[in-house]
Protein chains: 2
Amino acid sequence: MPPRICSVARTLEVVGERWSLLVLREVFLGVRRFDPIREATGAPRAVLAERLRDLVAAGVLDRREYREPGTRVRHEYHLTPAGRELQPVLTALMQWGDRHLAGPGQPPLELRHADCGGRVRTALVCEEGHTLPDTGTGLRPVPRAGDRDRATRDSAPAGGS
Amino acid sequence: MPPRICSVARTLEVVGERWSLLVLREVFLGVRRFDPIREATGAPRAVLAERLRDLVAAGVLDRREYREPGTRVRHEYHLTPAGRELQPVLTALMQWGDRHLAGPGQPPLELRHADCGGRVRTALVCEEGHTLPDTGTGLRPVPRAGDRDRATRDSAPAGGS
DNA sequence: CCATCTGGATTCGCTTTCCGAACCCAGATG
DNA sequence: CATCTGGGTTCGGAAAGCGAATCCAGATGG
């Protein structure tokens, strides 16, 4: 029986490697060049080079030439539109860490809404406008046609068809 | 200069290993036992055993004894309250995959609100009630006191203090 | 009583990935 | 022409991942 291929698995193929999400965190923060990213993340050079290549190949980062006056052409990494849509992933990770792995003192980074200054967080919302608790209580996963019926059942009766 | 330690990095220490999030996906779907998890994720036995131990040690999963009539005592893995709060992380990953890595046909799994039946997704919301686009446009990361000023600056003027 | 089955793992040997240190490259600077 | 700098590549050892084989203990059955 083949492993379940869902969108979580597919997304982790792109951003699930050891340093990928930390690299993206830096790019979201505006750190776009090799050495500063390396310092901020702690990733080894070779691994970082490979991750950047992978993320560019996956369409998450865009490698752009730039030239500061008095230097040769270099490259920096910008988020593509698809890359920017990973913001909720990073926000969700950060939020959980803030809540459950807080070090001494307050969290080191806050996200605020540029328009109103309010703190921003991820929330589970439904299309009718309801907001669910972060625990996912009241959330019902529905396997779609075509998927094996393995999901959502664990203590099914033995005599099932 | 030491790497930046933020809540994203800390959370990835817990759930950033290769199979961790897929294991949690299964537990969220109600698959709680070793072999079914192994089949659904494709993780090798030894790695799965280690991940389960790690997730229990991290307080994300709870290892519970159970005994079906006519068998010996066995264990299954349940989410702790902290583990359930990882739902937004999985939902955000799934949502990105649905949007950017869709296979042929519709996504294999849908999340619905048990109360109203509406599709559920993660959104970036601020405490004033505004909803931001998933790209994080309008989101301003604010480093807090104590953190190095490395963040959020990339093309700072060369002569800065 | 001994063999077999089953869920839940551990052990083993090999392969892949990760890692830090050293090195490379090319244009600016002195 | 030597040195500096940003942006990497190369290298050899360490760690993690992998599939296959094995183990364990309680039911089942001859």
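As the structure is a computational prediction, the values presented were derived from the model and not from experiment. Here is the naming used below: chain letters follow the sequence lines, and residue numbers restart at 1 for every chain.
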Rounded distance in Å - CZ (Arg74(A)) to C1' (dT5(D)): 6 Å
For Leu24(A) against Leu79(A), the heavy-atom pair lying closest together: CD2-CD2, 4.0 Å
Minimum-distance nucleotide to Ala46(B) side chain [options: dT11(C), dG8(C), dG7(D)]: dT11(C)
Between dA9(C) (C1') and Glu50(B) (CD): distance, integer Å: 13 Å
Nearest to side-chain heavy atoms of Val47(B), which nucleotide of dT10(C), dG8(C), dC18(D): dC18(D)
5' priority, DNA chain D, between Ala49(A) and Arg18(A) [closest heavy atom]: Ala49(A)
Protein-nucleotide distance (Leu52(A), atom CG; dG7(D), atom P), rounded to Å: 11 Å
Nearest-neighbour nucleotide for the Pro44(B) side chain, dG7(D), dC18(D), dC18(C) considered: dC18(D)
Rounded distance (Å) that lies between atom C1' of dA25(D) and atom NE2 of His75(B): 13 Å
Strand partner of dA3(C), provided both Watson-Crick or wobble distances fall under 3.5 Å: dT28(D)
Test log, rule salt bridge (Lys or Arg N to Asp or Glu O under 4.0 Å), inputs Arg10(A) and Asp98(B): CA-CA 9 Å; Arg10(A) 278 195 283 248; Asp98(B) 283 348; 5.5 Å; no
Sugar-phosphate, base or nothing in reach of Arg38(A), heavy atoms under 4.0 Å: nothing
Distance test, side-chain N/O of Arg32(A) to OP1/OP2 of dG6(D), below 4.0 Å: no
Phosphate-side-chain proximity, Tyr66(A) and dG6(D), N/O vs OP1/OP2 below 4.0 Å: no
Arg45(A) CZ to dC11(D) P, straight-line distance once rounded to whole Å: 17 Å
Gap between atom CG of Leu109(B) and atom CZ of Phe28(B) - 0.5 Å precision: 12.5 Å
Nearest heavy atoms of Leu90(A) and Leu21(A), plus distance in Å: CD2-O, 3.7 Å
Gap between atoms CD1 and C1', on Ile37(A) and dG7(D) respectively (whole Å): 11 Å
Listed nucleotide nearest any side-chain atom of Arg67(B), set dG26(D), dG8(D), dT10(C): dG26(D)
Earlier contact from the 5' end, DNA chain C, for Trp19(A) and Tyr77(B): Tyr77(B)
OH on Tyr66(B) to CZ on Arg33(B), rounded to 0.5 Å: 3.5 Å
Atom-to-atom span, CZ of Arg63(B) to P of dG8(C) - whole angstrom: 10 Å
Closest-nucleotide 5' rank along DNA chain C - winner of Gly42(A) and Val73(A): Gly42(A)
Value in whole Å for how far the C1' atom of dG6(D) lies from CZ of Phe34(A): 10 Å
